[in-house]
Amino acid sequence: QVQLVESGGGLVQAGGSLRLSCAASGSMDGINVMGWYRQAPGKQRELVASITTEGITKYVDSVKGRFTISRDNAKNTVALQMDRLKPDDTAVYFCNALRTITSKAGLNYWGQGTQVTVSS
């Protein structure tokens, strides 16, 4: 079992910055990918950024060049540095951890979410 707790959300003006943090506890065996999702009202949850234990990162096109994901495997934390924020970034951000079970399936763990609001 894995528990994820997010922090760092808040209200900022367009062009500002926020840093989200996620603290993981429990067994991290088999969890090679962690990431940040977000969900805005009326929209589907989307994967914003992900990172493997090896440090390989991926980003959704809309945040490339503005967001940076990082991971500290020793401390079991993952962070999302968000710069030059836009109103469209407004959403609830969720930390996610994927535990690989088979080549076709795994278990997803989710944090409670943290609100990010960007005003124009």
Side-chain angles (χ1 to χ4, degrees):
Q1 185 63 250
V2 175
Q3 291 184 334
L4 305 173
V5 180
E6 304 100 332
S7 63
L11 173 64
V12 298
Q13 293 182 330
S17 298
L18 283 174
R19 184 177 179 85
L20 305 182
S21 295
C22 174
S25 61
S27 177
M28 299 296 289
D29 293 342
I31 298 180
N32 64 317
V33 182
M34 296 187 69
W36 288 92
Y37 286 73
R38 67 184 180 187
Q39 186 166 26
K43 298 182 179 180
Q44 294 186 342
R45 185 174 298 187
E46 69 171 348
L47 176 61
V48 178
S50 65
I51 185 169
T52 69
T53 53
E54 294 79 21
I56 301 173
T57 59
K58 293 183 178 180
Y59 301 90
V60 67
D61 287 343
S62 60
V63 308
K64 288 182 178 178
R66 299 189 298 117
F67 291 10
T68 303
I69 188 171
S70 60
R71 181 175 180 175
D72 187 331
N73 295 322
K75 296 182 178 180
N76 292 327
T77 59
V78 62
L80 184 68
Q81 178 66 43
M82 305 184 293
D83 298 319
R84 303 191 303 281
L85 284 161
K86 303 176 180 179
D88 285 346
D89 295 320
T90 296
V92 177
Y93 284 70
F94 298 89
C95 183
N96 169 265
L98 174 64
R99 188 193 302 280
T100 300
I101 304 299
T102 69
S103 62
K104 297 182 178 181
L107 294 176
N108 277 295
Y109 300 92
W110 300 92
Q112 81 286 354
T114 184
Q115 178 70 49
V116 171
T117 302
V118 184
S119 62
S120 60

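Of the possible donor and acceptor atoms, none in the side chain of Gln81 sits under 3.5 Å from a partner among the backbone N and O of Arg19. For the pair Thr90 (side chain) and Val118 (backbone), a donor-acceptor distance under 3.5 Å is present. Checked by atom type and distance alone, the side chain of Arg84 pairs as donor or acceptor with a backbone atom of Gly65 at under 3.5 Å. A donor-acceptor pair is defined here as one N or O able to donate and one able to accept, closer than 3.5 Å; such a pair exists between the side chain of Arg99 and the backbone of Asp29.
Follow the hydrophobic side-chain contacts under 4.5 Å out from Leu11 and you never reach Met82; the two are in separate clusters. Hydrophobic clustering (ILVMFWY, side-chain heavy atoms < 4.5 Å, transitive): Trp36 and Val5 are in distinct clusters. In the hydrophobic clustering of ILVMFWY residues, with side-chain heavy atoms under 4.5 Å counting as a link, Ile101 and Tyr109 come out together. Residues Met28 and Ile51 share a hydrophobic cluster, clusters being chains of Ile/Leu/Val/Met/Phe/Trp/Tyr side chains in contact below 4.5 Å. No continuous path of hydrophobic side-chain contacts links Tyr37 to Val116 [ILVMFWY only; heavy atoms under 4.5 Å].
The minimum heavy-atom distance linking Gln115 with Val92 is given by the pair OE1-CG2, 3.2 Å. Nearest heavy atoms, Val60 versus Glu46: CG2-OE1, 4.1 Å. In plain terms, the two heavy atoms of Met34 and Val78 that are nearest each other are CE-CG1, 3.9 Å. Between Tyr59 and Ala49, the shortest heavy-atom contact is CD2-CB, 3.6 Å. Nearest heavy atom pair, residue Thr102 against residue Thr100, reads O-CG2, 3.5 Å. Taking both residues in full, the closest heavy atoms of Ala14 and Ser120 are given as CB-CA, 4.4 Å, listed atom of the first, atom of the second, then distance.
Using bins of under 30°, 30° to 60° and over 60° for the plane-to-plane angle, the ring pair Phe67/Tyr93 lands in the tilted bin.
Here Thr52 contributes atom OG1 and Leu98 contributes atom CG; the two are 11.5 Å apart, rounded to the nearest 0.5 Å. Considering CD of Gln1 and OG of Ser27, their distance stands at 10.0 Å, rounded to 0.5 Å. Ile69 CD1 to Leu20 CG: the interatomic distance, rounded to the nearest 0.5 Å, is 10.0 Å. Taking CZ from Phe94 and CD from Gln39, the interatomic distance works out to 6.0 Å, rounded to the nearest 0.5 Å. Rounding to the nearest 0.5 angstrom, the gap separating the CG atom in Asn96 from the SG atom in Cys22 is 9.0 Å. Atom CD of residue Gln44 and atom CZ of residue Arg38 lie 14.0 Å apart, to the nearest 0.5 angstrom.
Counting non-hydrogen atoms of neighbouring residues, nucleotides and ligands closer than 6.0 angstrom, the CD atom of Gln112 exceeds 12 such neighbours.
In this view, Asp61 and Lys64 satisfy the side-chain hydrogen bond (donor to acceptor under 3.5 Å, both in side chains) rule, not counting sequence neighbours.
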Full working for side chain to side chain donor-acceptor pair (under 3.5 Å) between Asp83 and Ser17 | CA-CA 4 Å; Asp83 298 319; Ser17 298; 2.8 Å; yes

